[in-house]
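Report on one structure; see the data block that follows.
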Amino acid sequence: MRIATGGAPPSPTLLAQWEAIGAELTHLYGLTETYGPHTYCDWQPEWNALPADERARLRARQGVANLVACELRIVDEHMRDAPADGQTMGEVVMRGNNVMQGYFQQPDATAEAFRAAGSTPATSP
């Protein structure tokens, strides 16, 4: 059995229960605006031998771009890349052929969603 989950990472208890029944878990990250998963946790076979708490920490990660995702960055309020230190907060920005062009017939909502990037996406007819 394979389970794909997104949003908040599953708890260590839930992970242990899924492992006990032989399920393989993939943690994903995406948005409605990215037409589903944009990144995922690329599980490494050597991680299977780690203690349960370390496996849970690793399964909570995502960040490997899927096939159609081009870019994913964490930026500050000035659109500068945030340090990849696991501590600094920022905003996730994405680009790829799975990212929406705009909200259907909602140019104001589109302008608001894209304002930080300075983009002017085409609006839907």
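Side chains are part of it too, since the values below use all heavy atoms of this structure and drop only hydrogens, waters and symmetry mates.
Using a 4.5 Å heavy-atom threshold, the side chains of E19 and R55 count as touching. Looking only at side-chain heavy atoms (C-beta outward), R2 and L25 stay at 4.5 Å or farther from each other. Counting heavy atoms from C-beta outward, L31 and M94 have side chains that approach closer than 4.5 Å.
Distance check: D81 CG to I74 CD1 gives 9.0 Å after rounding to the nearest 0.5 Å. The CE atom of M100 lies 10.0 Å from the OG1 atom of T34; values are rounded to the nearest 0.5 Å. Atom CG of L14 is separated from atom CD1 of I3 by 7.5 Å, given to the nearest 0.5 angstrom. Residue Q106 holds its CD atom at 12.5 Å from CD of E112, rounded to the nearest 0.5 Å. Interatomic distance, M89 CE to Q87 CD, rounded to the nearest 0.5 Å: 10.0 Å. The CD atom of E33 sits 3.5 Å away from the OH atom of Y103 when rounded to the nearest 0.5 Å.
Closest of all the heavy-atom pairs between R73 and M79 is NH2-O, 3.1 Å. Residues C41 and T26 share a closest heavy-atom pair of O-CG2, 4.1 Å. Nearest heavy atom pair, residue T88 against residue A82, reads CG2-CB, 4.1 Å.
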side-chain contact (heavy atoms from CB on, under 4.5 Å) assessment of W43 paired with N48:
CA-CA 9 Å; W43 191 255; N48 291 327; 2.8 Å; yes

Any chance you could lay out the side-chain contact (heavy atoms from CB on, under 4.5 Å) test for L58 and L50, step after step, and finish with the verdict?
CA-CA 10 Å; L58 290 168; L50 296 172; 3.4 Å; yes

Verdict with supporting geometry, W47 and R57, side-chain contact (heavy atoms from CB on, under 4.5 Å)
CA-CA 11 Å; W47 296 349; R57 187 186 70 75; over 6 Å; no

Step by step, would you call T39 with V64 a side-chain contact (heavy atoms from CB on, under 4.5 Å)?
CA-CA 5 Å; T39 66; V64 176; 5.8 Å; no

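Side-chain N or O atoms of H38 include one that pairs as donor or acceptor with a backbone N or O of E71 at under 3.5 Å.
Residue pairs meeting the ring-ring contact (aromatic ring centres under 6.0 Å, His included) criterion with at least one member in residues 9-29: none, sequence neighbours excluded.
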